[in-house]
Asks: 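Sharing a structure below in structure tokens format, with a few things to ask.
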Amino acid sequence: MSQLVFIAFQDNDNAHYMVEAIQEDNPEAEVQHQPAMIRIQAEKRLVINRETMEEKLGRDWDVQEMLIDVISIGGNVDEDDDHFILEWK
């Protein structure tokens, strides 16, 4: 049985940086571009790393900033200052 986790963002400039960072840290993730939305899904686990986002943006980045652009999340959330992790436990 599939255990996909996902996160969906509004399709805007911020999301494009997040998609780049997420793909770098999760090469197995599937990105789906839909009208006004970008959905990223992976089997069992998806990690968003602060360090990778800062590299993409060229500035400091707080994990909480991401939530402004989030539409929906599927999975259990584990969050700290350095990571936002979605997974099924």
Side-chain angles (χ1 to χ4, degrees):
M1 183 169 91
S2 177
Q3 292 186 334
L4 290 177
V5 295
F6 73 89
I7 189 164
F9 299 106
Q10 296 176 49
D11 189 354
N12 59 30
D13 290 339
N14 290 336
H16 294 188
Y17 289 110
M18 286 187 272
V19 169
E20 280 184 46
I22 292 168
Q23 285 184 300
E24 184 174 314
D25 291 334
N26 305 272
E28 75 289 350
E30 179 186 340
V31 177
Q32 300 170 347
H33 292 269
Q34 299 174 6
M37 181 178 85
I38 302 171
R39 177 186 163 111
I40 304 168
Q41 63 185 29
E43 189 71 32
K44 295 186 182 176
R45 184 177 164 96
L46 194 63
V47 178
I48 301 168
N49 292 305
R50 180 188 51 77
E51 186 176 323
T52 308
M53 275 300 299
E54 289 180 344
E55 288 173 13
K56 299 295 179 192
L57 289 169
R59 64 170 177 82
D60 289 343
W61 182 75
D62 186 320
V63 174
Q64 293 290 310
E65 286 181 52
M66 174 190 69
L67 299 177
I68 294 170
D69 299 305
V70 171
I71 296 171
S72 184
I73 293 173
N76 298 319
V77 174
D78 182 9
E79 177 183 4
D80 61 27
D81 290 341
D82 295 320
H83 306 91
F84 185 91
I85 300 169
L86 289 170
E87 62 187 338
W88 292 115
K89 295 181 180 187

Asks: Within the distance-only criterion (no hydrogens, no angle test), does the side chain of N12 pair as donor or acceptor with the backbone N or O of A15 below 3.5 angstrom?
Replies: yes
Asks: Taking salt bridge (charged side-chain N to carboxylate O under 4.0 Å, His left out) as the test, write out the residues that go with E30, two or more places apart.
Replies: none
Asks: Between E65 and R50, is the closest basic N to carboxylate O distance under 4.0 Å?
Replies: no
Asks: If we only count heavy atoms from C-beta on, is the Q32 to Q41 side-chain gap below 4.5 Å?
Replies: yes
Asks: The criterion is side-chain hydrogen bond (donor to acceptor under 3.5 Å, both in side chains); which residues satisfy it with D13, sequence neighbours excluded?
Replies: none
Asks: Taking the side chain as every heavy atom from C-beta outward, state whether R39 and H33 have any pair of such atoms under 4.5 Å apart.
Replies: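 R39 vs H33: side chains apart.
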Asks: Could you go through the side-chain contact (heavy atoms from CB on, under 4.5 Å) check for M37 and Q10 one step at a time?
Replies: CA-CA 5 Å; M37 181 178 85; Q10 296 176 49; over 6 Å; no
Asks: Listed by chain and number, what are the side-chain hydrogen bond (donor to acceptor under 3.5 Å, both in side chains) partners of R45, not counting sequence neighbours?
Replies: E87
Asks: Show the nearest heavy-atom pair for residues K56 and E24, with the distance to one decimal.
Replies: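 Of all heavy-atom pairs spanning K56 and E24, the closest is NZ-OE1, 2.8 Å.
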Asks: I need the full list of salt bridge (charged side-chain N to carboxylate O under 4.0 Å, His left out) pairs touching residues 66-80, with sequence neighbours left out, sorted by first then second residue.
Replies: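 Matches after skipping sequence neighbours: none remain.
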Asks: List, by chain and number, the other hydrophobic cluster members for F84, where Ile, Leu, Val, Met, Phe, Trp and Tyr join if side-chain heavy atoms come within less than 4.5 Å, directly or indirectly.
Replies: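 Joined to F84, directly or through intermediates: V5, I7, F9, Y17, M18, V19, I22, V31, I38, I40, L46, I48, M53, L57, W61, V63, M66, L67, V70, I73, V77, L86, W88.
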Asks: Below 4.5 Å, heavy atoms only, C-beta onward: do E28 and N26 meet side chain to side chain?
Replies: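 Side chain of E28 against side chain of N26, heavy atoms only: contact under 4.5 Å found.
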Asks: Not counting sequence neighbours, which residues clear salt bridge (charged side-chain N to carboxylate O under 4.0 Å, His left out) with E55? List them please.
Replies: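 In terms of salt bridge (charged side-chain N to carboxylate O under 4.0 Å, His left out), with neighbours along the sequence ignored, E55 is linked to no residue.
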